[in-house]
Asker: 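Handing you a structure now.
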Amino acid sequence: EKIEALAKQELESCTEIKALDDLRIKFLGKKGELTAILKQMGKLSAEERPVIGQLANKVRADIEEALGSKLASLKANAQAAKLAEEKIDITLPGKRAPFGKLHPLTKVENEIREIFIGMGFNIADGPEIDDDYHVFEALNLPPDHPARDTQDTFYIEGTNETVLLRTQTSSVQVHVMENQKPPIRIISPGRVFRSDAVDATHSPLFHQIEGLVVDKGITMSDLKGTLEMLMKKLYGNDCKLRFRPHHFPFTEPSCEVDISCFNCGGKGCSMCKDEGYIELLGAGMVHPKVLENCGIDSNEYSGFAFGLGLERMVMGRYDINDLRLLYENDVRFLEQF
Ligand code: PHE
């Protein structure tokens, strides 16, 4: 009974599950105090033995029960402590991960795609790495043509044919016309590459959107109407377009198209260098030789084509004065759009 009282007292002050195990060994284990008593049972008289035996068994059962209930309560305490520690206040406002945004180049490109899809155009794709034939020769730029010099081309070494990074998306005109019969109505947005040093208005990589329409009876007025529709949807009904005669080997006649300055609307300011207008794109009627090169009868069909510089459109749209901002991925710049 003394052992039982002692055991219960020690149990009372025990606060850890591990320590509880030590107590079990101390009182009930093979070398434990109760076992020691049971081992001496042989020395007892026949009358004493059952009495002491019974008592010892009762003590053992009591201690075991006390150990068991102590273990249960310690476990319950531990569980409660853990739950309290892991408690989540679901009413606290969450921390938001910062949202990314579409790049301004992507935004304006998407707008332009939507406008052309609305006019019944399809989107065409072409290779960024192409051959001399598709980028130059089929577009009426034979190997010795001086206009090649104006497009500082990156050539790819180690090939027998001339392989290069396209300098203009006009190469997609050729791919499309080789694979598709008129009527053709496509735009092709994409990256182009020229060996230019980086500054506020130049980059060796930039974006163009090519347009091509080939059908019976297509004229320059279709070109004008299409471009005017595009610019009014993008920049509002007040913007004005100016068509200037120009020359491209793959269009005849050719023109460059300017838009009234986004800043001053045509009066002249520092943004347009007092010109009132900003150059946006090159265009013209597809040269009959280009149609023939692609197996399209130039007596039956005519077409127009244009190539616009996406960076120009974006810079005008958002009043950005340095092209490099579009490529540096500074989030302080990007999060403004
Ligand atoms: N490819 C020409 C350029 O890069 C633009 C252009 C496209 C002009 C289509 C006429 C027709 O300058």
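Each ligand, and each atom within it, is numbered from 1 in the order the structure gives. We number each residue from 1, following the sequence as shown.
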Asker: Ignoring angles and geometry beyond distance, decide whether R194 reaches within less than 3.5 Å of ligand 1 through its nitrogen or oxygen atoms.
Answerer: yes
Asker: For ligand 1 and Q208, I'd like to know whether there is a polar contact (N/O to N/O, distance under 3.5 Å).
Answerer: yes
Asker: How does F306 reach ligand 1, by side chain, by backbone, by both or by neither, if only non-hydrogen atoms under 4.0 Å count?
Answerer: backbone
Asker: Work out which heavy atom in V174 is nearest to a heavy atom in A138; give both atom names and the distance.
Answerer: CG1-CB, 3.8 Å
Asker: Which of the numbered atoms in ligand 1 are under 4.0 angstrom from any heavy atom belonging to Q173?
Answerer: 9 (C)
Asker: Working to the nearest 0.5 Å, report the span between OG of S171 and CG of D132.
Answerer: 11.5 Å
Asker: Does ligand 1 come near enough to T167 that some N or O of the ligand is less than 3.5 Å from an N or O of the residue?
Answerer: no
Asker: Any idea which atoms of ligand 1 are less than 4.0 Å away from a heavy-atom of A283?
Answerer: 8 (C), 10 (C), 11 (C)
Asker: For R166, is the nearest heavy atom under 4.0 Å from an atom of ligand 1?
Answerer: no
Asker: Are K224 and F243 in a cation-pi setup, meaning NZ or CZ lies under 6.0 angstrom from the ring centre and within 45 degrees of the ring axis?
Answerer: yes
Asker: What residues form a side chain to side chain donor-acceptor pair (under 3.5 Å) with E252, not counting sequence neighbours?
Answerer: none
Asker: Output the list of atoms in ligand 1 that are nearer than 4.0 Å to some heavy atom of G307, sorted by atom number.
Answerer: 6 (C), 7 (C), 9 (C)
Asker: Could you tell me the separation between the OG atom of S195 and the CG atom of L165, rounded to the nearest 0.5 Å?
Answerer: 10.5 Å
Asker: In the hydrophobic clustering (ILVMFWY, side-chain contacts below 4.5 Å, transitive), which residues join I88, or is it alone?
Answerer: I90
